[in-house]
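The structure follows.
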Amino acid sequence: MNRKSNVVRQRAERDLARLPEASLLALPRPRVVISVSNLSKTYASGFHALKDINLEIRRGEIFALLGPNGAGKTTLISIICGIINPGVGTVLADGHDIVTEYRAARFKIGLVPQELTTDAFETVWDTVSFSRRLFGRRANPGYIEKVLKDLSLWDKKDSKLITLSGGMKRRVLIAKALSHEPEILFLDEPTAGVDVDLRREMWQLVRALRASGVTIVLTTHYIEEAEEMADRVGVINQGELILVEDKAELMHKLGRKRLILHLEGSLECIPSALAAHALELAAGGTELVYTYDPHDEQTDITALLGDLYKADIRFKDLRTKQSSLEEIFVSLLREERR
Amino acid sequence: MNLHAVGAIYRFEMARAARTLLQSIVSPVISTSLYFVVFGAAIGSRITEIGGVSYGAFIVPGLIMLMLLTQSVSNAAFGIFFPKFSGTIYEILSAPVSYFEVVLGYVGAAATKSIILGLIILATASLFVPFGIAHPAWMLVFLLLTAVTFSLLGFIIGIWADNFDKLQLVPLLIITPLTFLGGSFYSVDMLPPFWQTVTLFNPVVYLISGFRWSFYDIADVSVGASLTMITVFLGLCLALVGWIFKTGYRLKA
């Protein structure tokens, strides 16, 4: 059976190779660029790092993988990139099995690791050129120059890595990962320890990469980062992928809204006349917070305002606040622990 | 085959040697010169010829082998240990390269460096003592086989070591003593009968004997035995490297 399917595949590849380039460009490309099926990983210590992960990353999207420390984010991307032995299950990168067709699979992938690991005494130019050749690409000074210029590293091209700041080293790692023109870029905590300005620059860079057709998978602790950039979000906790959702959809579905009333005076407790409403006191009793689901056809706001009037509780200002991705993330993890 | 990757690793390693020229080339040459001064001139002048060869000339192959073994091991061990230590190994592991290509790059560079060093020491020796090479082609064969085999051993040590102490442990406690006791400075015939038998269990004896044969046509053991031993050792190292990559031992969790 296997031999037969191999022969079929070889024939298909041969036929594909015979097609003129224009025809190849016209072929529709699969929508899924990374496919993880039933992936589990147990380390030699017995630690069960990943439990039956199923995940599909779509071509051209920015996918953010969120999770607390030790959740399995780095293990997952390390397996996809070939750094850690896969356990049970299969992973395909652009249709290539990462074990049996590791060359084709890895050729498609670039990885920016979490740690700032660089060869201290190499120059920026040499280390980026080294990465390109390591991934089987012919030397192309013009392309390396473009990458370095895009990352504002051109004036540092002859500097030794040991002389660069942390932010510059992070850019060098990105340049190395992009040196072989990958179609999929993994960014493991790309802005960890990076100042606010540089973080925003990185976000711009990631968006520009996505615009050029690169699929981005990033792990992050900064929920703000995922909220800012991601198209879809995956939440992993204790080795389990607890949800994968379109970010906007997730915020729409799980997001709550809060009505915050700034009182003219302060309250010590919620008056019994308002007990029917889900209210909380905040800011030392000077704010009443009412949490509601904005998608409900009927909210309790009108009744609440009526009851406030009757109870002679006056307020000087009011505002509403949509819950952030961070709040959604925290509540998801809290539910998961229960 | 990803020849670009092999070339990249090879050139990276050679560039590292060029950056540390003092440590890579000058230091071994100075220490070999000191051996010639002490053993060749000071002590050697009081020792009679061995197998019709002056003592100064007799120790030339042994000294080259001493440097070749230690440098092959340390070059290859450091070459693969440092990316592990610094974390840059992630790039090698995630690249579209086969294990064979990785070994070819690292071991090829380490062997090249030690062969260059061996030839420099050979040239240095000619400044101290006159000597000839009876079988130059075989001399190069022994040089190449030994450099490759011990570079493979160094590569294995570099993967096994998880700290700098372990990196030095095998070269200092095993390779150097075996080389000194392997006939670098004496002929096995000069030992008492019991130690002549014991020394035959030292694999380095066969390497030095074969190498010395290529210079002076004299050997402690047969050339065939020397070639067999080095081939067996090469096979063992290759098998071990193959196992390391198959299992990901100390490379992949």
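Convention: sequence-line order gives letters A, B, ...; per-chain numbering from 1.
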Proximal component of B:F12, with respect to chain A [non-hydrogen, under 4.5 Å]: side chain
Interchain contact, A:R132 with chain B, by part (heavy-atom threshold 4.5 Å): neither
Evaluation steps, ring-ring contact (aromatic ring centres under 6.0 Å, His included), between B:F185 and B:Y35: CA-CA 10 Å; B:F185 299 103; B:Y35 278 122; 5.7 Å; yes
Taking the six-membered ring of A:W154 as reference, does the cationic atom of A:K157 (NZ for Lys, CZ for Arg) lie under 6.0 Å from its centre and within 45° of its axis? yes
Do B:S98 and A:Y102 come within less than 4.5 Å of each other through their side chains, counting heavy atoms only? yes
Can you tell if the side chain of A:R170 reaches within under 4.5 Å of the side chain of A:L116, non-hydrogen atoms only? yes
Can you tell me how far OG1 of A:T123 sits from NZ of A:K156, rounded to the nearest 0.5 angstrom? 13.5 Å
Please identify each residue that fulfils side-chain hydrogen bond (donor to acceptor under 3.5 Å, both in side chains) with B:T124, with sequence neighbours left out. none
If you measure from NZ on A:K108 to NE2 on A:H180, what distance do you get to the nearest 0.5 Å? 10.5 Å
Counting only heavy atoms closer than 4.5 Å, note whether B:R16 contacts chain A via side chain, backbone, both or neither. neither
Top contributor to chain A interface from B:S94, B:G248, B:A15, B:G105 [non-hydrogen pairs under 4.5 Å]: B:S94
Can you tell which part of A:F130 gets under 4.5 Å to a heavy atom of chain B, answering side chain, backbone, both or neither? both
Side chain, backbone, both or neither: which part of A:T118 has a heavy atom under 4.5 Å from chain B? backbone
Proximity of residues 76-89 of chain B to chain A, residues having a non-hydrogen atom under 4.5 angstrom: B:S86, B:G87, B:T88
Decide yes or no on ring-ring contact (aromatic ring centres under 6.0 Å, His included) for B:F245 and B:F100, but give the supporting numbers first. CA-CA 9 Å; B:F245 278 113; B:F100 176 70; over 10 Å; no
Just so I know, are the side chains of B:I159 and B:L251 near enough to count as touching, which here means a heavy-atom distance under 4.5 Å? yes
Top of A:D126, A:I84, A:L173, A:D119 for chain B proximity - count of heavy-atom pairs under 4.5 angstrom: A:D119
